[in-house]
Participant: 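Below you'll find the structure I mean.
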Amino acid sequence: MRPGDDSSVTEIARGRGIAAWRQITDEIEADIGAGRLRPGMQLPTEAQLAVRFAVNRHTVRRSLAELSARGLVRTTQGRGTFVEERPLAYPIGARTRFSENVSRAGREASGKLLDGYETLADPVVAQALGLTEGSPVARLDTVRMADDTPISLGNAYFPLPRFAGLIEAYRSLGTVTQALEACGIPDYRRLETRISARPAGTEEAAKLDLAPGRLLLTVDSINVDPDGVPIQFTRAMFSVDRAEIVVES
């Protein structure tokens, strides 16, 4: 299939017990497997696919939903449907930096601040940062991307008052590393990483352009300053379709 080409009709077998939407799914999956649709390539529109397969758009929509549920495509509101990129190798070691990891893979890193505010540490955050439960912390909620594809969601916590200016620094500079440097932390290292897996919730799936229920890797991490004092606890949710966690020794 040539993306955008709706000049010919692909015959759908009728009356053989195989639903039309499933046949379309198999046909597009075959195009992806054969490389006719490559990673990152945009699929034809629903209207173009409906013409190609001589079906209604509801049938096409069902097929695209199935492909999304299989992790083969992603649909971005207002932009269209794209073939999923190959999973990004994401190393985790003593010095883990999102931008460096993504750039090392030959892709462009970016991020968006969803929210930034001061709150109180719950038991998990307090234990990670060596604080008393209910201590004030700064929280950043972010989505991280590679080539404009959402890779992970993150909730990061920093102790107050030490990092009182961190939220504004992040808004201005755009990365945690630069925001920490603005707050007097020129370098930091990873103390601990814990990895688990669970299905994506509805809101998480929407923010990551995933089908609800797709698997997420939850990565809890603690970063410390050069003196070994905890400065950051982060819970990051990675799409397993888009990232492979590589633990470096």
Participant: Between Thr149 and Arg242, is a side chain to side chain donor-acceptor pair (under 3.5 Å) present by the stated rule, with each step listed?
Facilitator: CA-CA 9 Å; Thr149 298; Arg242 299 173 191 157; over 6 Å; no
Participant: Closest approach of Leu208 and Met237, non-hydrogen atoms and distance?
Facilitator: CD1-O, 4.2 Å
Participant: Measure the shortest side-chain to side-chain distance between Ile151 and Phe238 over non-hydrogen atoms and say whether it is less than 4.5 angstrom.
Facilitator: yes
Participant: Arg57 and Ala50: which non-hydrogen atoms are nearest, and at how many Å?
Facilitator: CG-CB, 4.0 Å
Participant: Mind checking side chain to side chain contact (heavy atoms under 4.5 Å, CB included) for Pro39 and listing every partner two or more places apart, or none if nothing turns up?
Facilitator: Glu85, Arg86
Participant: To check you understand the geometry: which heavy-atom pair defines the closest contact between Pro87 and Glu244, and what is its length?
Facilitator: CB-CG, 3.7 Å
Participant: Return the set of residues passing side chain to side chain contact (heavy atoms under 4.5 Å, CB included) with Pro199 (not counting sequence neighbours), or none when no residue passes.
Facilitator: none
Participant: Checking side-chain contact (heavy atoms from CB on, under 4.5 Å) for the pair Asp187/Arg95: CA distance, chi angles, key distance, verdict?
Facilitator: CA-CA 9 Å; Asp187 197 18; Arg95 196 175 186 279; 3.3 Å; yes
Participant: Is there a side-chain contact between Leu131 and Pro159 (heavy atoms, below 4.5 Å)?
Facilitator: yes
Participant: Kindly state each residue pair satisfying side chain to side chain donor-acceptor pair (under 3.5 Å) with at least one member in residues 59-72, sequence neighbours excluded.
Facilitator: Thr25-Ser63, Glu29-Arg70, Glu46-Arg61, Asn56-Thr59, Glu66-Arg70
Participant: Hey, could you give me each pair passing ring pair (Phe, Tyr, Trp, His ring centres under 6.0 Å) that has a residue in residues 167-220? Not counting sequence neighbours.
Facilitator: none
Participant: In the structure I gave you, are the side-chain heavy atoms of Leu210 and Arg74 within less than 4.5 Å of one another anywhere?
Facilitator: no
Participant: Which ring pair (Phe, Tyr, Trp, His ring centres under 6.0 Å) pairs, counting each pair once, include a residue from residues 125-150, with sequence neighbours left out?
Facilitator: none
Participant: Just so I know, are the side chains of Leu49 and Leu64 near enough to count as touching, which here means a heavy-atom distance under 4.5 Å?
Facilitator: yes
Participant: Can you tell me how far CG of Asp26 sits from CG of Asp31, rounded to the nearest 0.5 angstrom?
Facilitator: 11.0 Å
Participant: For residues 231-240, pull every pair meeting side chain to side chain donor-acceptor pair (under 3.5 Å), keeping only residues two or more places apart or in separate chains.
Facilitator: Asp220-Arg235, Asn223-Gln232, Gln232-Thr234
Participant: Check the surroundings of atom CD in Gln127: do more than 12 heavy atoms from other residues, nucleotides or ligands lie under 6.0 Å from it?
Facilitator: no
Participant: Any link between Met145 and Leu140 through a network of hydrophobic side chains (Ile, Leu, Val, Met, Phe, Trp, Tyr) touching at under 4.5 Å?
Facilitator: no
Participant: Quick one: which residue pairs count as a salt bridge (Lys or Arg N to Asp or Glu O under 4.0 Å) with a foot in residues 165-174, not counting sequence neighbours?
Facilitator: Glu168-Arg171
Participant: Mind checking what makes side-chain hydrogen bond (donor to acceptor under 3.5 Å, both in side chains) contact with Ser152, not counting sequence neighbours?
Facilitator: none
Participant: If I take atom CD from residue Gln178 and atom OG from residue Ser172, how far apart are they, to the nearest 0.5 angstrom?
Facilitator: 9.0 Å
Participant: Would a 4.5 Å heavy-atom cut-off, applied to side chains only, mark Phe163 and Leu180 as touching?
Facilitator: yes
Participant: Considering residues, nucleotides and ligands other than Arg38, do more than 12 of their heavy atoms fall under 6.0 Å from its CZ?
Facilitator: no
Participant: Could I get the full list of side chain to side chain contact (heavy atoms under 4.5 Å, CB included) partners for Thr96, not counting sequence neighbours?
Facilitator: Tyr90, Ile92, Asn101, Arg190
Participant: Start with the C-alpha gap between Thr193 and Val247, add the side-chain angles, then the distance that decides, and say whether side-chain contact (heavy atoms from CB on, under 4.5 Å) holds.
Facilitator: CA-CA 9 Å; Thr193 302; Val247 179; over 6 Å; no
Participant: Does Val73 belong to the same Ile/Leu/Val/Met/Phe/Trp/Tyr cluster as Val55, with side-chain heavy atoms less than 4.5 Å apart forming each link?
Facilitator: yes
Participant: Grab the two heavy atoms, one from Arg189 and one from Gly228, that are nearest each other, plus how far apart they are.
Facilitator: NH2-CA, 4.5 Å
Participant: Side chain to side chain donor-acceptor pair (under 3.5 Å), that's the test. Do Thr75 and Thr81 meet it? Break it down for me.
Facilitator: CA-CA 4 Å; Thr75 300; Thr81 301; 3.1 Å; yes
Participant: So, taking the atom named CD1 in Ile185 and the one named OG1 in Thr177, what distance separates them when rounded to the nearest 0.5 Å?
Facilitator: 11.5 Å
Participant: Show me the pairs that pass salt bridge (Lys or Arg N to Asp or Glu O under 4.0 Å) and involve residues 157-166, at least two apart or across chains.
Facilitator: Arg162-Asp225
Participant: Give me the atom names and distance for the closest heavy-atom approach of Pro230 to Ala128.
Facilitator: CB-O, 3.7 Å
Participant: What's the spacing between Asp148 CG and Asp209 CG if we round to 0.5 Å?
Facilitator: 11.0 Å
Participant: Under 3.5 Å, which donor-acceptor pairs do the side chains of residues 108-124 form with other protein atoms, sequence neighbours left out?
Facilitator:
| residue | atom | partner | partner atom | Å |
| --- | --- | --- | --- | --- |
| Tyr117 | OH | Arg139 | NE | 3.1 |
| Asp122 | OD1 | Val124 | N | 3.1 |
| Asp122 | OD1 | Val125 | N | 2.8 |

Participant: Treating Ile, Leu, Val, Met, Phe, Trp and Tyr as nodes and any side-chain heavy-atom pair under 4.5 angstrom as an edge, say whether Leu88 and Leu217 lie in one connected cluster.
Facilitator: yes
Participant: Tell me if a side-chain donor or acceptor on Gln42 pairs with a main-chain N or O of Arg79 at a distance below 3.5 Å.
Facilitator: yes
Participant: Which residues satisfy the side chain to side chain contact (heavy atoms under 4.5 Å, CB included) test with Val246, sequence neighbours excluded?
Facilitator: Ala89
Participant: In Å, rounded to the nearest 0.5 Å, how long is the span from CD of Glu192 to CD1 of Ile222?
Facilitator: 4.5 Å
Participant: Which atom names give the shortest non-hydrogen contact between Ala169 and Ala182, and what distance separates them?
Facilitator: CB-CB, 4.1 Å
Participant: Same hydrophobic cluster for Phe82 and Ile32, using side-chain heavy-atom links shorter than 4.5 Å among ILVMFWY?
Facilitator: no
Participant: Assigning hydrophobic clusters by single linkage (Ile, Leu, Val, Met, Phe, Trp, Tyr; side-chain heavy-atom cutoff under 4.5 Å), is Leu153 placed with Val240?
Facilitator: no
Participant: Between Thr132 and Ser135, is there a donor-acceptor pair closer than 3.5 Å when you use the side chain of the first and the backbone of the second?
Facilitator: no
